[in-house]
Each structure stands twice: as structure tokens, then as C-alpha cells.
S.K.: 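One structure, as C-alpha cells, below. Some questions next.
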Amino acid sequence: MQTLKYISGYSPDIQRQVQQLLESGKLGDVLLRRHPQVHEIRSDKALYDYTQGIKNQFLRQSSPLSKVIFDDKISISHHALGLHSYVSRVQGNKIKAKNEIRISSRLKRVPEPLLRMVVVHELAHLKEKDHNKAFYKLCTYMEPDYHQFEFDLRLLLTCIDANQSPYSN
């Protein structure tokens, strides 16, 4: 029996259903029915433009983004698929702040809603640093299906761990 580390916080019933789908080789089919295609965002520039578009729609007044890139160094071992960093530097008598978002390169071949969920998550950190109620309220404001897409991404990660990814070429 495979460990279901990505869905360990869900109910035993959900875990049992996922385990059955995984063992029967049908978990990937469930994901393909929900999300039949991967996104076309392949470059850092395209990712920056995509992220900036979401930011402009929902967080126009928040701090600017200095960088948004796909990062090969972010892996599941970091327990993250995206990282948000905030760096302050003193330049003369001013403090310059830079916001950077790094998205795992593993997300180059996933459906757009799953990439969007990670981008929304990292953008929410511009306003809310902690994973609290206000943070998740902001995430669902920017993406009403945030929690479903997070669950779907967890299912995809479970498939990947079992070498059953429906999106690998």
C-alpha cells in the first residue's frame, strides 16, 4: 500500500477512495477528465506575464513583483511548489523592497488551473504572510475553486509518486 502523504490531512474515506483509484490505475483518468490539457506557459517571461495579469486583476495596490520564474531547484523535498521571497535593502536613505515568486519547474507540464492555484497562493503572500483564515479567504477571492484545485494538485502529486502521471510525455 502506497503512502498518501499529499492527502494525509483528508478524511480516511477520501484516502481510501484515492488508494483504490491509485491501485486500479484510474487516478490519472479522474484527473484527465477534470483537466484534459496542460498549459502552454513554458518561459519565465510567459510565467511573469501570466502572474502579473492575475496580480493586476486582484492585487493592483500590492507591492510590485520584481521577478517571477520557473525554478529547477524547487522540489517536493522543499515541501513547496512555489516560493515567495521578500527582500529589503537600504539604498541611501530609502528602503527598496523586492518581491520574487519562484514556481517549481515541475509545474511546466500541468493543467492551467493547477498552475493558477500555485500562482494565486504565492500572490496571496504579498498581502498575508501566514497561512491563516485571511490568507485562504484571499486565495478563494482570486480563485473561487482554489481548494478543489489544491486537492487536484495533491492527487497529481500522488500519481507522480506512483509513476502514474497522466501528463508526462
S.K.: Under the side chain to side chain contact (heavy atoms under 4.5 Å, CB included) rule, what do L22 and L4 come out as? Steps first, then yes or no, please.
M.R.: CA-CA 10 Å; L22 193 60; L4 301 174; 4.0 Å; yes
S.K.: Locate the shortest heavy-atom distance separating K129 from L126; write the atom from each residue and the value.
M.R.: NZ-O, 3.7 Å
S.K.: For K45, enumerate each residue passing the side-chain hydrogen bond (donor to acceptor under 3.5 Å, both in side chains) test, keeping only those at least two apart in sequence or located in another chain.
M.R.: D49
S.K.: Okay, side chain of D130, backbone of N132: is any donor-acceptor separation there less than 3.5 Å?
M.R.: no
S.K.: Any salt bridge (Lys or Arg N to Asp or Glu O under 4.0 Å) pairs touching residues 144-153, not counting sequence neighbours?
M.R.: R34-D152, E150-R154
S.K.: Could you state the interatomic distance from OH (Y146) to CE (M117), rounded to the nearest 0.5 Å?
M.R.: 5.5 Å
S.K.: Taking all atoms of both residues into account, what is the closest heavy-atom pair of I7 and F151, and its distance?
M.R.: CG2-CE1, 4.2 Å
S.K.: Taking C-beta and beyond as the side chain, do V68 and T51 meet within less than 4.5 Å on heavy atoms?
M.R.: yes
S.K.: Could you check Q19 against E23 for side-chain hydrogen bond (donor to acceptor under 3.5 Å, both in side chains), going step by step and ending with a plain yes or no?
M.R.: CA-CA 6 Å; Q19 186 67 48; E23 288 172 0; 2.9 Å; yes
S.K.: Would you give the length of the straight line joining atom CD of E122 to atom CD of E100, rounded to the nearest 0.5 angstrom?
M.R.: 12.5 Å
S.K.: Atom CD1 in I160, atom CG in L153: separation rounded to 0.5 Å?
M.R.: 8.0 Å
S.K.: Which residues satisfy the side chain to side chain contact (heavy atoms under 4.5 Å, CB included) test with I69, sequence neighbours excluded?
M.R.: D44, K67, R102
S.K.: Which value, rounded to the nearest 0.5 Å, describes the distance between E40 atom CD and E112 atom CD?
M.R.: 11.0 Å
S.K.: Y141: what forms a side chain to side chain contact (heavy atoms under 4.5 Å, CB included) with it, not counting sequence neighbours?
M.R.: F58, L138
S.K.: Please name all residues satisfying side chain to side chain contact (heavy atoms under 4.5 Å, CB included) with H131, sequence neighbours left out, ordered by chain then number.
M.R.: H121, H125, F135, Y136
S.K.: By side-chain hydrogen bond (donor to acceptor under 3.5 Å, both in side chains), which residues pair with N163, not counting sequence neighbours?
M.R.: none
S.K.: State, to 0.1 Å, how close F70 and S43 come at their nearest heavy-atom pair, and which atoms those are.
M.R.: CE1-O, 3.8 Å
S.K.: Taking the basic N atoms (NZ, or NE/NH1/NH2) and the acidic carboxylate oxygens, is any pair closer than 4.0 Å for D72 and R106?
M.R.: no
S.K.: On a heavy-atom basis, which atom in L123 and which in L59 lie closest, and how many Å separate them?
M.R.: O-CD1, 3.5 Å
S.K.: Do V119 and I101 come within less than 4.5 Å of each other through their side chains, counting heavy atoms only?
M.R.: no
S.K.: Under the rule for side-chain hydrogen bond (donor to acceptor under 3.5 Å, both in side chains), what residues qualify as partners of N56, not counting sequence neighbours?
M.R.: Q52
S.K.: For the CD atom of E143 and the CD1 atom of I54, what is their distance to the nearest 0.5 Å?
M.R.: 8.5 Å
S.K.: I need the full list of ring-ring contact (aromatic ring centres under 6.0 Å, His included) pairs touching residues 32-54, with sequence neighbours left out, sorted by first then second residue.
M.R.: H35-F149
S.K.: Mind checking what makes salt bridge (Lys or Arg N to Asp or Glu O under 4.0 Å) contact with D13, not counting sequence neighbours?
M.R.: R16
S.K.: If you look at every heavy atom in S62 and K55, which pair is closest and at what distance?
M.R.: O-NZ, 3.3 Å
S.K.: I'd like to check the side-chain hydrogen bond (donor to acceptor under 3.5 Å, both in side chains) partners of R42; sequence neighbours left out, ordered by chain and number.
M.R.: none
S.K.: How long is the gap from CD on Q148 to CG on L155, to the nearest 0.5 Å?
M.R.: 8.0 Å
S.K.: Checking side-chain contact (heavy atoms from CB on, under 4.5 Å) against L27, which of C159, P166, S165 comes through?
M.R.: C159
S.K.: Sub-3.5 Å donor-acceptor pair from the side chain of Q15 to the main-chain atoms of Y10, do we have one?
M.R.: yes
S.K.: For Q164 versus G25, what's the shortest heavy-atom pair and its separation?
M.R.: OE1-CA, 3.7 Å
